[in-house]
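Here the structure is laid out as structure tokens; the discussion comes afterwards.
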Amino acid sequence: MRIVELNENTKNNLQKELLKRSPESYGEYEQTVNEIISNVKKNGDKALFDYTLRFDGCRIGKDNIRVTDGEIEEAYSQVSPEFIEVMKRSAANITRFHEKQRRNSWITTQENGTLLGQRILPVAVSGVYVPGGKAAYPSSVLMNVLPAKVAGVERIIMTTPPDREGKVTPGTLVAAHIAGVDEIYRAGGAQAIAAMAFGTESIPKVDKITGPGNIFVALAKKACFGHVSIDSIAGPSEILILADESANARFVAADLLSQAEHDEMASAILITTSRELAREVSREAEVFASGLSREKIIRQSLENYGYILIAPNMDEAVDAANEIASEHLEILTRNPYETMTRIRNAGAIFLGEYSSEPLGDYYAGPNHILPTNGTARFFSPLNVDDFMKKTSIISYSRQELLRVHKDIELFAEQEGLTAHANSIRVRFEEEEKS
């Protein structure tokens, strides 16, 4: 891995390079995506079936687009019992964590007759997109679906592309069943996003779409936002490790590669105050990479977006981490809890050498759907609130409105909205005459 000194110039250059990975940077695909969305919106199932044949090589129709209970039973027979039990334990941890996020509706009343409150309800229908083939991750099924279940969403549908035989990845089906998905449809790509956003004869329109996907899926979610709510427009995965001389170089190297193996656009960065650790991590990363199944992807990822930055002190290291605002942030310092208090921007923080990033990906419970490309400065991990909608409640007595009506009328008149003012004034015409 390349080792460079951390300074304003290298930090700025790094941020510019990382931002190039954003789906926002791939506008050349937008026309294709918009054409697909328009076609599905206009022609419904016909367009959806045509695209499935064209892109997935699979012929589907109204009779077989929905996955059957029998197929789910078959999937269970194709997944090892040990893995099924692990998924169940993971699902229990995810559910338990997200249950802490639930909030209730509330109302406050005052003696003057004022009633104010907020009604909090789940969306009615949520849709989750799940990639197929080598990019099928059962863990993402659990992470997308279980917060919606905890929120109380009544109907959760899933779309996922079939293979050429029309089959759906068995692990995906088992995870969906464990999580409680109500309906599963064979559909992938931008056309599946459009189907969920606008509805077709076979796939219902949803209120919220979550889930990862390729650039076409990401741009389709972006284009459909407003017609439907989405989780985010996620970019490639990333990890940043803050470490001092106390860190274990083998652990650091292994954790960096755990994200580099996702794809060639993934980012793996170490910021350390120790020059010796930097050299050791670089050596260990080379050793590990040579023995891993995705070596080619790892090496390309590290070549593109792998960095070891040597900071003059931990204050500078922390400042850089906050500016990069990484999706995953590991803190491997003598006192990781103290270091954490200075972190403002990160999707998820992992403290100490026995809290490596895959713990969050699969098992601990917090959601692994996290903000990327610096958006942790203003976005949060997927959570129960993402599946809730809030409605304000307002009720005033006549006596209380009488007390404040002049204030409201003045405000409306200052904005030139005389009908607003009249809507209040008309209620007190008799008082004005007397």
**Request:** Assess whether side-chain contact (heavy atoms from CB on, under 4.5 Å) is satisfied between Val228 and Ile193, documenting all intermediate values.
**Result:** CA-CA 10 Å; Val228 65; Ile193 301 299; over 6 Å; no
**Item:** Ile94/His368 under side-chain contact (heavy atoms from CB on, under 4.5 Å): CA gap, chis, key distance, verdict
**Value:** CA-CA 10 Å; Ile94 295 166; His368 79 196; over 6 Å; no
**Message:** Show, in sequence, the C-alpha distance, side-chain angles and deciding distance for Leu14 and Ile324, and conclude whether the side-chain contact (heavy atoms from CB on, under 4.5 Å) test is met.
**Reply:** CA-CA 9 Å; Leu14 173 59; Ile324 293 169; 3.8 Å; yes
**Prompt:** Could you walk me through whether Val40 and Phe198 pass the side-chain contact (heavy atoms from CB on, under 4.5 Å) check?
**Reply:** CA-CA 8 Å; Val40 173; Phe198 299 102; over 6 Å; no
**Message:** Pair Asn7, Thr10 - check side-chain hydrogen bond (donor to acceptor under 3.5 Å, both in side chains), show working.
**Reply:** CA-CA 5 Å; Asn7 54 45; Thr10 57; 3.2 Å; yes
**Item:** salt bridge (charged side-chain N to carboxylate O under 4.0 Å, His left out) between Arg299 and Glu286, worked out
**Value:** CA-CA 9 Å; Arg299 291 192 182 281; Glu286 175 64 29; 3.0 Å; yes
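There is a side-chain donor-acceptor pair under 3.5 Å between Glu327 and Ser237.
Separating the OG atom in Ser301 from the CD atom in Glu261 is a distance of 10.0 Å, to the nearest 0.5 Å.
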Review item, side-chain donor-acceptor pairs of residues 164-179, under 3.5 Å, at least two apart:
from	atom 1	to	atom 2	distance (Å)
His177	ND1	Tyr76	OH	2.8

Please list, one pair per line, the donor and acceptor atoms closer than 3.5 Å that link side chains of residues 410-422 to other protein atoms, with sequence neighbours excluded.
from	atom 1	to	atom 2	distance (Å)
Glu413	OE2	Arg425	NH2	2.4

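Scored by the ring pair (Phe, Tyr, Trp, His ring centres under 6.0 Å) test, Phe83 finds no partners at all (sequence neighbours excluded). The salt bridge (Lys or Arg N to Asp or Glu O under 4.0 Å) search around Asp385 returns Arg103, not counting sequence neighbours. Under the side-chain hydrogen bond (donor to acceptor under 3.5 Å, both in side chains) criterion, Asn93 pairs with Arg96, sequence neighbours left out. Tyr137 pairs by the ring pair (Phe, Tyr, Trp, His ring centres under 6.0 Å) definition with nothing, not counting sequence neighbours. Listed by chain and residue number, Val281, Glu284, Ala285, Phe288 satisfy the side-chain contact (heavy atoms from CB on, under 4.5 Å) test with Ala253 (two or more places apart in sequence, or in another chain). In this structure Thr109 satisfies the side-chain contact (heavy atoms from CB on, under 4.5 Å) test together with Ile107, Leu115, sequence neighbours excluded. Applying the side-chain contact (heavy atoms from CB on, under 4.5 Å) criterion to Asn13, with sequence neighbours excluded, gives Asn9. With sequence neighbours excluded, no residue satisfies side-chain hydrogen bond (donor to acceptor under 3.5 Å, both in side chains) with Asn64.
Remark: the backbone N or O of Ala187 is not paired with any side-chain donor or acceptor of Asp56 at under 3.5 angstrom. Put simply, the side chain of Asp207 never gets that close to the backbone of Ser229: no donor and acceptor are under 3.5 Å apart.
Applying the side-chain hydrogen bond (donor to acceptor under 3.5 Å, both in side chains) definition to pairs two or more places apart or across chains, those involving residues 187-205 are Asp45-Thr200, Asp45-Ser202. Judged as a ring-ring contact (aromatic ring centres under 6.0 Å, His included), not a single pair has a partner in residues 339-362 (not counting sequence neighbours).
The two residues Glu238 and Thr372 make their nearest non-hydrogen contact at OE2-CA, 3.7 Å. When all heavy atoms are compared, the tightest approach of Cys58 to Asp163 is CB-O, 3.4 Å. Smallest separation of non-hydrogen atoms from Ala320 and Leu6: CB-CD2, 3.9 Å. For the pair Ser139 and Asp361, the tightest heavy-atom approach, listed with the atom from each and the gap, is CB-O, 3.8 Å. Scanning all heavy atoms of the two residues, the minimum distance from Ile271 to Ala317 falls at CG2-CB, 3.6 Å. When all heavy atoms are compared, the tightest approach of Asn367 to Pro147 is ND2-CG, 3.4 Å.
With respect to Leu256, the side chain to side chain contact (heavy atoms under 4.5 Å, CB included) criterion is satisfied by exactly one of Leu270, Ile269, Leu240: Leu270.
More than 12 non-hydrogen atoms from other residues, nucleotides or ligands lie less than 6.0 angstrom from CD of Glu99. In this structure, Lys46 places its NZ atom where only 12 or fewer heavy-atom neighbours from other residues, nucleotides or ligands lie under 6.0 Å away.
Checked for salt-bridge contact, Arg344 and Glu323 miss the test: no charged N lies under 4.0 Å from a carboxylate O.
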